[in-house]
Amino acid sequence: MGTSVQVSPLCGVYNENPLSYLVSIDGFNFLLDCGWNDLFDPSLLEPLSRVASTVDAVLLSHPDTLHLGALPYAMKQLGLSAPVYATEPVHRLGLLTMYDQYLSRKQVSDFDLFTLDDIDSAFQNVIRLTFSQNYHLSGKGEGIVIAPHVAGHMLGGSIWKITKDGEEVVYAVDYNHRKERHLNGTVLQSFVRPAVLITDAYNALYTNQTQSHHRDTEFLDTISKHLEVGEMLLPHWSQRSFSFPIYFLTYVSSSTIDYVKSFLEWMSDSISKSFETSRDNAFLLRHVTLLINKTDLDNAPPGPKVVLASMASLEAGFARDIFVEWANDPRNLVLFTETGQFGTLARMLQSAPPPKFVKVTMSKRVPLSGEELIAYEEEQNRLKREEALRASLVKEEETKVSHGPDDNSSEPMVIDTKTTHDVVGSHGPAYKDILIDGFVPPSSSVAPMFPFYDNTADWDEYGEVINPDDYVIKDEDMDRGAMHAGGDVDGRLDEATASLMLDTRPSKVISNELIVTVSCSLVKMDYEGRSDGRSIKSTIAHVSPLKLVLVHATAEATEHLKQHCLNSICPHVYGPKIEETIDVTSDLCAYKVQLSEKLMSNVIFKKLGDSEVAWVDSEVGKTESEKRCLQPMASAAAPHKPVLVGDLKMQDFKQFLASKGVQVEFAGGGALRCGEYVTLRKVGPTGQKGGASGPQQILIEGPLCEDYYKIRDYLYSQFYLL
């Protein structure tokens, strides 16, 4: 049998809940994503709690709450201690996402599921990888290779390829096949015939009918209409000479933009080339003002404005506050760029028709004052005294144990913290009103004294001998210093946000319920950056996995895509339930063999990308140690049919022909018209268009002329002939 693979969903199947899946490969347990939602319901993590201690590695795909929101809590409370792997943007932006989540909730509740220290602890040891970087695991994971690849959904977002003994397990959720303004499209289509593909059916029932440029025009026109009545915005503002301000309001706005400006190499080719040629950074945001608190927005000049605020779910954060304030004015617009999480206020407002009234609970944190403040301070002082007393007793006991009993003391220790005694020394009068706390002075002392132990430190000619390790600044201490200093990309947070995090003034949370009249305009536009149903089906057909596992979608969408794939793509399609373990071990058999030196001496390799390929005619034999090996054939091998090795993409071939001076364009059905007479098209093994599973053929149609042979030679040059 092939490599053993089992998949067990922990959250996020047959619904839109956060993503978290346990995948075991030959006994090595991967946790694919560790998500939570904006409701932070601990019951969602119960399946994870039962297996967290068995996880050997965590792979994070995207930097939002749905993919990594439970990581701090799982490491603090559930026993998750495995190494975590992610790209640099997922690590950095995921850290800021969790900071923003914590601060948003701490301002309106006594949030205690995790702290800022828990967030730092969870993210400080993340192992960062670049796209397409092969990382070889060691120890229990010996022989397993992991690599992140472009997903195209978020900055740094990844699809993960896990390889063991030549078999590939691909985890691809929330990918986007289209190239957007700031991100390249996914490379999922470059994978062919993996043993297992784990992917989502989130948009399986959704078809995007709007071209991106039409969507952008509608987006800008919608905003402009409301402004005039009452990254993409920037050129629009310049073209129309708008004076309306744009505000970006989150607790981590400055730090977020600082990081993003440094991640240009993770963005689209057009953004990278623009920076290389003109040093123009697309995220300088000349027309955007960064804010980290609501007070600054309230103090802004009156008049029309655009506010980009967190959180999209409207369950907390500045977006919720602004919605409650602006909802009753028909001149205002609330524009959603993504579907709200299930069960949230945003999802309720996106329903059709939207509600006219909504009931919300508004909370805020206010400083203590008056009698409440006095009572709080008295309680804190009492707790400090008790803690100091406990610490002193513990230290005294430790000191006694380390130094042994007092040889000069002839009397047992007496502890009496409630009375005073007259203590008489052997050479003097009585000393009254002295509290005997934990000891009776030796009879040899002139006067009562506390125990004193000489410091027996080592000395040399330069003074006391020191331990250099006591003066080493640890990395985490430097990180904290950077956080407090703030301001540059190496610091975690800007100074104002760090001050907010360090605010220890006594406070309390007050709440009240409101009935909000929804008179403003509510508009939802698709800026999620996910492939739609038609593209998902096309991509899966192109990848053509041996076995397919569907996750993260409603029951209807999951069953729809499952039946489609069973009928036309793959005979082995699974839709597991929560904590249901399915065995997707490959039916193929894999053997390890040695290549004899005699055989290899006659093999001619040809370069294919980063690898070398060759055709080998051999027979199986055994070495002296009884291991299988490939040896030269005893008799001459029969000639084999020529084999073309490679994967031709029509778009790439079109550009290649254009560079050779050939007039080329796409015709109907995906065919490529080359010159006046020659046409190329891809067909499946049965002659059907659309890429059925199995090898594809490329047909050259046209009269036998000079152009025909020239195009054919160009086509052959894209492959390797064996």
Side-chain angles (χ1 to χ4, degrees), residues 1-9 13 19 21-33 56-57 59 61 85 132-137 140-151 158-173 175 186-201 536-552 558 561-562 564-566 568-576 580-593 608-611 613 645 647 685 691-696:
M1 296 296 290
T3 301
S4 173
V5 182
Q6 289 81 37
V7 179
S8 178
V13 289
L19 296 85
Y21 313 101
L22 186 70
V23 175
S24 178
I25 299 180
D26 281 349
F28 189 91
N29 293 330
F30 286 98
L31 179 63
L32 305 181
D33 284 327
D56 298 305
L59 307 183
S61 63
Y85 300 88
S132 303
Q133 176 185 350
N134 290 325
Y135 187 89
H136 296 259
L137 302 182
K140 184 179 178 181
E142 186 71 33
I144 299 178
V145 181
I146 60 175
H149 296 269
V150 178
S158 312
I159 57 179
W160 284 93
K161 183 174 70 172
I162 308 170
T163 306
K164 175 75 181 290
D165 293 336
E167 294 191 12
E168 298 176 350
V169 176
V170 177
Y171 175 62
V173 294
Y175 57 85
T186 184
V187 297
L188 178 58
Q189 291 183 339
S190 65
F191 301 152
V192 179
R193 304 291 285 173
V196 181
L197 172 62
I198 304 171
T199 190
D200 67 296
I536 290 173
K537 296 170 185 176
S538 174
T539 299
I540 295 176
H542 184 85
V543 175
S544 189
L546 298 179
K547 296 188 177 181
L548 177 65
V549 181
L550 300 178
V551 298
H552 197 233
T558 302
L561 186 57
K562 181 178 179 180
H564 170 81
C565 294
L566 282 172
S568 59
I569 298 177
C570 177
H572 304 288
V573 183
Y574 305 88
E580 175 189 357
T581 300
I582 58 171
D583 191 333
V584 288
T585 300
S586 172
D587 298 327
L588 301 177
C589 294
Y591 299 95
K592 292 183 178 180
V593 296
L608 177 61
D610 296 330
S611 306
V613 296
V645 181
D647 181 25
S693 60
Q696 289 187 328

Chemist: Among all residues two or more places apart in sequence or in another chain, which pass the ring-ring contact (aromatic ring centres under 6.0 Å, His included) test with Y574?
Modeler: none

Chemist: With rounding to the nearest 0.5 angstrom, report the OG1 to CZ distance, T3 to F28.
Modeler: 14.0 Å

Chemist: Quick check against the 3.5 Å criterion: does N29 have a side-chain atom that pairs as donor or acceptor with the backbone of S24?
Modeler: no

Chemist: Under the side chain to side chain contact (heavy atoms under 4.5 Å, CB included) criterion, do I569 and H564 qualify, and how do the steps go?
Modeler: CA-CA 8 Å; I569 298 177; H564 170 81; 4.0 Å; yes

Chemist: Hey, what do you get for OG1 (T199) to CG (L188), rounding to the nearest 0.5 Å?
Modeler: 6.5 Å

Chemist: Please report the shortest heavy-atom distance between P571 and L566, naming the atom on each side.
Modeler: O-CD2, 3.6 Å

Chemist: So which atom in Q133 and which in P148 form the shortest heavy-atom distance, rounded to 0.1 Å?
Modeler: O-CD, 3.7 Å

Chemist: Is there a donor-acceptor pair closer than 3.5 Å between any side-chain N or O of T186 and the backbone N or O of V150?
Modeler: yes

Chemist: So, does S4 use its side chain to make a donor-acceptor pair with the main chain of I25 at under 3.5 Å?
Modeler: no

Chemist: How long is the span from the CD atom in Q189 to the CD1 atom in I540, to the nearest 0.5 Å?
Modeler: 11.0 Å

Chemist: What I'd like to find out is whether the side chain of W160 reaches to under 4.5 Å of the side chain of L32, using heavy atoms alone.
Modeler: no

Chemist: Would a distance-only check, ignoring hydrogens and angles, find a side-chain to backbone donor-acceptor pair under 3.5 Å from D33 to S61?
Modeler: yes

Chemist: Considering all heavy atoms of both residues, which atom of P545 and which atom of L197 are nearest to each other, and what is their separation?
Modeler: CB-CB, 3.7 Å

Chemist: NZ/K537 to CG/L561 distance, rounded to the nearest 0.5 angstrom?
Modeler: 7.0 Å

Chemist: Under the side chain to side chain contact (heavy atoms under 4.5 Å, CB included) rule, what do I162 and L59 come out as? Steps first, then yes or no, please.
Modeler: CA-CA 10 Å; I162 308 170; L59 307 183; 3.9 Å; yes

Chemist: Search all heavy atoms of H552 against all heavy atoms of D200 and return the closest pair with its distance.
Modeler: O-CB, 3.7 Å

Chemist: Distance from I198 atom CD1 to I159 atom CD1, nearest 0.5 Å?
Modeler: 12.5 Å

Chemist: What distance do H149 atom NE2 and S190 atom OG have between them, rounded to the nearest 0.5 Å?
Modeler: 7.0 Å

Chemist: What's the shortest heavy-atom distance between V170 and P194, and which atoms?
Modeler: CG2-CB, 3.9 Å

Chemist: Would you say L137 and I146 make side-chain contact, with heavy atoms under 4.5 Å?
Modeler: yes

Chemist: For a quick test of reading the model, state the closest non-hydrogen atom pair linking P576 to V549 and the distance between them.
Modeler: CD-CG1, 3.8 Å

Chemist: Does a side-chain heavy-atom distance below 4.5 Å link F30 with Y171?
Modeler: no

